[in-house]
Amino acid sequence: MRTSWADSVANSASENAATGSSESNGLKRPTRSTYVPPHLRNRQPSSSDHPPPVHTTPSPANGRVGYGGPPTGSRWGGGSRPDFGRVGDNGSGGGRGGSGWSSRGGGREREVNPFGDDDNTEEEFSEQENTGINFEAYDDIPVETSGDNVPPAVNTFAEIDLGEALNLNIRRCKYVKPTPVQRYAIPISLAGRDLMACAQTGSGKTAAFCFPIISGIMRGQYVQRPPRGARTVYPLALILSPTRELSCQIHDEAKKFSYQTGVKVVVAYGGAPINQQLRELERGVDILVATPGRLVDLLERARVSLQMIRYLALDEADRMLDMGFEPQIRKIVEQMDMPPPGERQTLLFSATFPKEIQRLASDFLSNYIFLAVGRVGSSTDLIVQRVEFVQESDKRSHLMDLLHAQRENGVQGKQSLTLVFVETKKGADSLEHWLCLNGFPATTIHGDRSQQEREHALRLFKSGKAPILVATDVAARGLDIPHVAHVVNFDLPNDIDDYVHRIGRTGRAGKTGLATAFFNDNNLSMARPLADLMQEANQEVPHWLTRYASRASYGGGGRNRRSGGGRFGGRDFRRDGSFNRPTDHYGGANSSSGYGYSGGYGGGYGQGVTSAWD
DNA sequence: AAAAAAT
């Protein structure tokens, strides 16, 4: 089924539900659209499994339903954003949009069931799905919101009408009740508001922005494809992330959530053949998940237009707006054909949100709500952090000792994985080689490897065939890898944020995790932030580290460019009063005050909020 | 100085 849900809805005036036999399909893509897979041939369409309505379609240029398309200005039908989905209310969704749609969203025949065999794979799935979600621990989690007219949070999914098909997928995912970030972020998003959210992954962050997007697209009838090159596609939502693997992961999640909703999710990223991605796009796309480089390529080829974007989500938003990415993001968001803030809905998610990045981010937002959700209970306690003083020349043998000990302690069950972070790609290769030589099955992931190699390495690691993964920061953020028992910072990062993200690869799913860092004279600039972080997380700080920390002067200590002051994401910079100051105020000179900061706003977060955020 | 991200 090539036609996306949105396309179908846009043309729903005259509906032809006959599977795969619509004239429009026949007209546009004769071969592909009329194909009926073997298992569906001779099968009666039923309310639960026939594809979304297909239509005798007027050409895109004259088939307008609902609002009139981009050239006419406000696509929001007059600024009442919560109602945007109701344009041209033709009743096809019934009174309660979600339920009405879902019965027809029935699934495209070729849609692979991401849940596997619906009835038999529940265990496998539940384990995966609930990774990192400790529902019990969520009850007294500190939450801070700021902004105008913050919609109230919900306590159950039942309170929100996300639509039947999506609700079914939520049940399939074993999501019993919304996590805090979902409780707040979903109503905010459903109300049409822009959002800057700080929340840990594993607490349902991906779902927190996917649910409202999917739900909104399901019930929105606003879609109209403006005339353009026939091969240009017009996604309604764009989700950007900083690494290819993370985009894949988000795509996989989004596919589960959108199963049989008719909402089409496509992923596009570099390093993989573009032709296959182009074919997927041609089959229809409502939600595009992408890394920036490949997206720019697609935009320049005019294979994708952002003209119809209703939802923009940036995952790991602080990384996306960091120096390396900011120009590309600005190009995509500000210099192509994406609707401006206020005409689209923008959702930014990250665990760490430095103030200066918040300031940058506000360019992309309109009257947004800031949301900070504290860590799950005392979950940092789940990650035991250790720092050891190890000279460069001793690192390998020291690592060897750790791995041997781990092996002998039986900590290394079949599924106990060790993730080793190093600074450079060369260093990754060479350490992997050395580990293998010494009898430790290791693999490596970094940016100099082919995408095939990267994905292969990740699979080897996840499956336990290579229980040691040597990685650069490409693996630091967002990746949900079950059974990582130990994160070793073989080389410490230069930024405490990166450290926070790295160690957050373990201690998930209510399991304990261990994080060991090798510290030496090359890491002096990290002494203070690291010591402060560990102290806040109730970790035992070695005395030698405390001495280094007290010695370190911020100016000389390092180029921790955004220092502790910004690292903690739990505060809306708009409330800081100091946000008018020049940017460089937040540079290295702010380290200590930054840390003192978390105690300075009410203590709601207390300690720990700063750690293990993801 | 390094990593990531298009070909």
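These numbers come from the heavy atoms of this one structure, side chains and all, not from hydrogens, waters or symmetry mates.
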**Study point:** Nearest-Å distance for atom pair CG/P, residues Leu240(A) and dA4(B)
**Key:** 18 Å
Check your understanding: Has Thr472(A) got a side-chain N or O lying under 4.0 Å from the OP1 or OP2 atom of dA4(B)?
Key -> yes
Exercise for review: Taking salt bridge (charged side-chain N to carboxylate O under 4.0 Å, His left out) as the test, write out the residues that go with Asp448(A), two or more places apart.
Suggested key: Lys425(A)
Check your understanding: Atom CE of Met323(A) and atom P of dA1(B): how far apart are they, to the nearest Å?
Key -> 13 Å
Review point. Is any NZ, NE, NH1 or NH2 atom of the basic residue among Asp497(A) and Arg477(A) found under 4.0 Å from an Asp or Glu carboxylate oxygen of the other?
Key: no
Review point. Between atom CD in Glu423(A) and atom P in dA3(B), what is the gap in whole Å?
Key: 7 Å
Point to revise | Atom pair distance, as rounded to whole Å: CD in Gln451(A) and P in dA4(B) | key: 11 Å
Check your understanding: In whole Å, what is the span from the CG atom of Leu298(A) to the C1' atom of dA5(B)?
Key -> 13 Å
Check your understanding: Of the options Leu195(A), Leu314(A), Ile239(A), Leu348(A), which is the one that meets Phe209(A) in a side chain to side chain contact (heavy atoms under 4.5 Å, CB included)?
Key -> Ile239(A)
Practice item. Please report, rounded to the nearest Å, how far the P atom of dA2(B) is from the CG atom of Asp448(A). Key: 12 Å
Practice item. Identify whether the distance between the nearest side-chain nitrogen and carboxylate oxygen of Lys256(A) and Asp252(A) falls below 4.0 Å. Key: no
Check your understanding: Contact class for Val296(A) (heavy atom, under 4.0 Å): base, sugar-phosphate, or nothing?
Key -> nothing
Practice item. Check the distance between dA4(B)'s C1' and Glu245(A)'s CD and give it to me in whole angstrom. Key: 10 Å
Review point. Which part of the nucleic acid, if any, lies within reach of Gly447(A) when heavy atoms closer than 4.0 Å are counted: base, sugar-phosphate only, or nothing?
Key: sugar-phosphate
Review point. Hey, does the side chain of Arg477(A) come within less than 4.0 Å of dA5(B)'s phosphate (OP1/OP2), counting only N and O?
Key: no
Check your understanding: Within this structure, what is the OH-to-C1' distance between Tyr499(A) and dA2(B), rounded to whole angstrom?
Key -> 20 Å
Review point. Does Arg244(A) make a side-chain N or O approach to OP1 or OP2 of dA5(B) shorter than 4.0 Å?
Key: yes
Exercise for review: Return the orientation label for the Phe519(A) and Phe389(A) ring planes: parallel under 30°, perpendicular over 60°, tilted otherwise.
Suggested key: tilted
Check your understanding: Nearest to the side chain of His446(A) - dA4(B), dA5(B), dA1(B)?
Key -> dA4(B)
Review point. When all nucleic acid strands are considered with a 4.0 Å heavy-atom cut-off, which category describes Arg301(A): base, sugar-phosphate, or nothing?
Key: nothing
Practice item. Spell out, as yes or no, whether a donor-acceptor pair under 3.5 Å connects the side chain of Arg505(A) to the backbone of His501(A). Key: yes
Point to revise | Pairwise salt bridge (charged side-chain N to carboxylate O under 4.0 Å, His left out) hits with a residue in residues 465-475 of chain A, at least two apart | key: Asp473(A)-Arg502(A)
Exercise for review: For Gln328(A), answer base if it contacts any base atom (sugar-phosphate contacts may also be present), sugar-phosphate if it contacts only those atoms, and nothing otherwise; contact means non-hydrogen atoms under 4.0 Å.
Suggested key: base
**Study point:** Residues in contact with DNA chain B, drawn from residues 424-433 of chain A - heavy-atom cutoff 4.0 Å
**Key:** Thr424(A), Lys425(A)
